[in-house]
Trainee: 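What follows is a single structure, and I will ask about it in a moment.
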Amino acid sequence: MDKVWLIAWHEYKINVRRPGFIIMTLLIPLLGLVALLIGAFFGGQAGEALTNVFAGSNRTDAVVDMSERFTPLLPEYAERYRLFADEEEGLAAVQAETARRLIVIPADYVASGRIRVLTNEGSFSSLDIEDSGSLRGFFIDHLARDIPDAALRARLADPFRAQVVSLSGEEQSAGGALASALGFIVPYLLSILLIVTIFVSSGYLLRSVSEEKTSRVIEIVLSSVTAQQLLAGKVIGLGALGLTQVIVWVGSSFGLSGGIVALLGVAVPLFARPEVFVLAVVYYLLGFVVYAVLMGSVGALGADFHESQQLAGVFSMMASVPLMLAGVFFSNPNSGIIRFISWFPLTAPTAMMLRLPMTEVPVIDIVGSLATLLLTIPLIVWLGGKVFRLGLLMYGKRPKLLEIWRLLREA
Amino acid sequence: MTRIVLQVENLTKSYGSFTAVDDLSFAVHSGEIFGLLGPNGAGKTTTIRIMMDIFKADSGEVQVLGEHPAAVRARVGYLPEERGLYKDLKVMDALVYLGRLKGTDEATARRNATAWLERVELQDWGKHKVKDLSRGMQQKVQFVAGLVHDPELLILDEPFQGLDPVNVEMIKNLIRELQAAGKTIVLSAHQMNLVEELCDRIVLISRGKAVLYGLLADIKREFAPHAVRVKTGNGTSGDVTGIPGVREIRPTGEALLLELDGTTPQALLAELVRRGVDVQSFEVASVPLNDIFVQVVGQGNDVT
């Protein structure tokens with residue numbers, strides 16, 4: 001075991017200093033920072049321009065009310081709106097820029113719903129008006145001013161808040177819409193993180209394995225440690241390296257976008273269903289081991305880095321299958337296909353991490369998938385070590401599938 | 001009685017229908033330099049890899065220092081034929097890491113590496129990256145990599161490959177020093193003159209089988225022609241003609257090769273002295289190991 005840690009530390013130490021690693025690790029936060037700066041600079045300018053366009057130097061709207069539904073204005077709108085006796089007066093205010101636009105409400109407004117908006121601004125203003133919550137509020141509040149019940153008035157303005165109950169008996173998790181949304185998003189991001197870690201670490205694993213293979217140092221190493229020890233050391237060391245990179249990326253993006261949002265995003269779902277989080281971490285670790293070992297050993301079969309990468313690509317694809325089936329997860333997280341990929345050890349980690357927050361997963365599926373994973377790992381480590389050892393000593397050629405099978409039987 | 005350091009018994013290893021090692025047996029004694037010889041593809045590297053527990057044998061047994069190879073990794077040094085070093089690491093760091101993988105603590109590994117680098121005249125290169133070294137320098141560093149953990153048994157697969165004559169001499173002397181220090185060395189090489197100079201005993205493998213095995217001197221004697229090489233004062237064959245038991249006289253360079261049939265070198269020498277021949281040199285003719293190698297391996301090829 002000492003040798004495994006020695007290899008792990010060696011791999012971590014030499015790779016963490018590589019210029020390639022440092023550049024890649026810092027590139028993402030730097031890009032984020034640049035994007036943020038550009039955003040802040042142009043965003044500030046654009047925001048200012050928009051404010052100028054839409055709000056002008058004053059924010060008052062002129063209103064000519066021929067329907068008499070809006071006269072007199074409700075006190076809460078007195079600042080933002082001003083009533084004018086006719087269109088001419090209103091227009092004069094717009095021309096004089098004391099009002100930014102003129103809203104003409106005709107006498108047949110209640111029947112037709114039509115109003116006219118006169119403005120000096122471009123066509124963007126119509127979008128602004130369509131989407132304007134405050135203008136909508138202005139109309140609703142005045143139309144409903146005769147209803148004495150304040151609660152009813154509020155209900156008219158905001159007619160419903162839905163809680164959807166699925167007939168298959170699933171309930172939304174406690175904590176409201178935010179919690180249920182985050183309860184899904186956080187584990188979803190965790191599974192994406194798993195896949196990113198797999199890609200990042202397997203890239204380092206492949207490179208390290210193929211470097212030892214092409215530089216021919218591997219035979220000296222294999223005369224000192226077993227292939228299993230070497231593989232385990234590399235998986236741990238380079239896994240830690242990949243994790244370092246992801247932590248820097250995630251940490252910097254949290255830092256850039258504001259720690260509170262991140263904290264809230266992680267904390268809310270945790271308090272809602274802590275068991276989901278614990279299980280997600282378990283699946284994350286198991287999944288990482290399965291894939292790292294697979295990548296390392298399959299990578300050893302390639303004649304060079306490029307070829308190893310192609311071979312290992314198959315497994316990267318497999319890890320992302322559950323993400324491709326996201327639609328099925330949304331519509332029915334307990335369907336047959338989802339249950340199948342939850343049990344299948346190569347897809348189980350990502351599948352279960354997606355599935356756990358969405359629904360009450362039957363205990364049998366959790367136990368079953370964990371059991372198959374725990375049974376598969378020693379098998380993969382054992383087989384992987386063999387493939388690794390054989391692959392490493394085959395210089396300049398890639399064994400064919402049948403040959404691999406034969407070698408495995410013979411090894 | 002000499003202790004057996006490495007025992008290979010009835011070793012067999014096949015790759016599919018190809019038998020790389022076929023019922024191979026030999027033993028290496030403590031403190032000797034043992035030659036593991038054979039043409040390319042004879043099964044030497046496979047045998048060595050089984051000895052190093054990198055490959056598993058189909059059948060047969062290997063005992064290294066009295067134990068299973070896996071149990072004694074730390075006591076065996078190995079210089080593989082297919083060798084290299086971490087190119088981006090500093091020489092010292094690479095050596096210390098490889099030493100530590102063998103189970104040596106860091107301080108000892110560093111101390112040993114420093115001493116050995118000095119011995120191969122690379123003391124100033126410890127802080128340089130491996131890739132900055134010339135090929136010959138890298139070869140020497142690889143040699144050192146096999147010694148950092150101070151092994152009892154050293155397995156050297158083609159240690160002279162790619163070295164210039166000066167460095168060949170250096171490594172040769174180093175191997176002798178290691179032997180003098182009580183180490184056992186298994187040497188696999190294609191330079192038969194070097195094997196002749198260094199090895200006490202050899203095994204010659206062809207097509208996975210041992211075709212010659214034993215003391216080098218005995219093997220050479222066995223293959224030696226029944227002949228003597230004589231150099232006389234006048235350099236002509238006149239003085240030696242008509243001696244009974246001499247079947248043929250052939251000039252070879254400055255000397256004459258006398259093929260004997262029915263007499264011994266001692267009797268011949270006595271006869272020459274009796275005849276008053278001016279004998280300047282007299283030696284029992286031997287055959288170079290290279291010729292034995294070619295002859296034996298060639299025969300093996302003819303059989304099949």
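A note on names: the letters A, B, ... follow the listed sequences, proteins ahead of strands, and every chain is numbered from 1.
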Trainee: Is it the backbone or the side chain of L89(B) that comes under 4.5 Å from a heavy atom of chain A, or both, or neither?
Mentor: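 Only the side chain of L89(B) comes within 4.5 Å of chain A.
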Trainee: Is K172(B) atom NZ crowded by more than 12 heavy atoms from other residues, nucleotides or ligands, each under 6.0 Å away?
Mentor: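 Buried by this count: over 12 neighbours within 6.0 Å.
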Trainee: I would like to know whether Y86(B) and E212(A) meet side chain to side chain contact (heavy atoms under 4.5 Å, CB included); could you show each step before the answer?
Mentor: CA-CA 7 Å; Y86(B) 297 98; E212(A) 284 194 351; 2.7 Å; yes
Trainee: What pair of heavy atoms forms the shortest contact from G103(B) to K3(A), and how long is it?
Mentor: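 Looking at all heavy atoms of both residues, the shortest contact is N-CE, 4.3 Å.
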Trainee: Heavy-atom distance under 4.5 Å between the side chains of P80(B) and I220(A), does that happen here?
Mentor: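 A side-chain contact exists here, since the closest heavy-atom pair is under 4.5 Å.
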Trainee: Checking heavy atoms, do the side chain of D88(B), its backbone, both or neither come under 4.5 Å from chain A?
Mentor: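 Answer is side chain: those atoms of D88(B) sit under 4.5 Å from chain A.
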Trainee: When you compare the side chain of I54(B) with that of S223(A), does any pair of heavy atoms fall below 4.5 Å?
Mentor: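 Of all side-chain heavy-atom pairs linking I54(B) with S223(A), at least one is under 4.5 Å.
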Trainee: Can you give me the closest heavy-atom contact between I7(A) and L101(B), atom names plus distance?
Mentor: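 Scanning both residues completely, I find the closest heavy atoms to be CG1-CD2, 3.7 Å.
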Trainee: Might you work through the side chain to side chain contact (heavy atoms under 4.5 Å, CB included) test for Y97(B) and L6(A), ending with a clear yes or no?
Mentor: CA-CA 9 Å; Y97(B) 176 59; L6(A) 175 65; 4.2 Å; yes
Trainee: Does E219(A) reach the side chain of M52(B), with side-chain heavy atoms less than 4.5 Å apart?
Mentor: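 No. Closest side-chain heavy atoms not under 4.5 Å.
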Trainee: Using only atom types and a distance under 3.5 Å, with no angle test, would you say the side chain of R73(B) pairs donor to acceptor with the backbone of L222(A)?
Mentor: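 Flag set: sc R73(B) to bb L222(A) pair under 3.5 Å.
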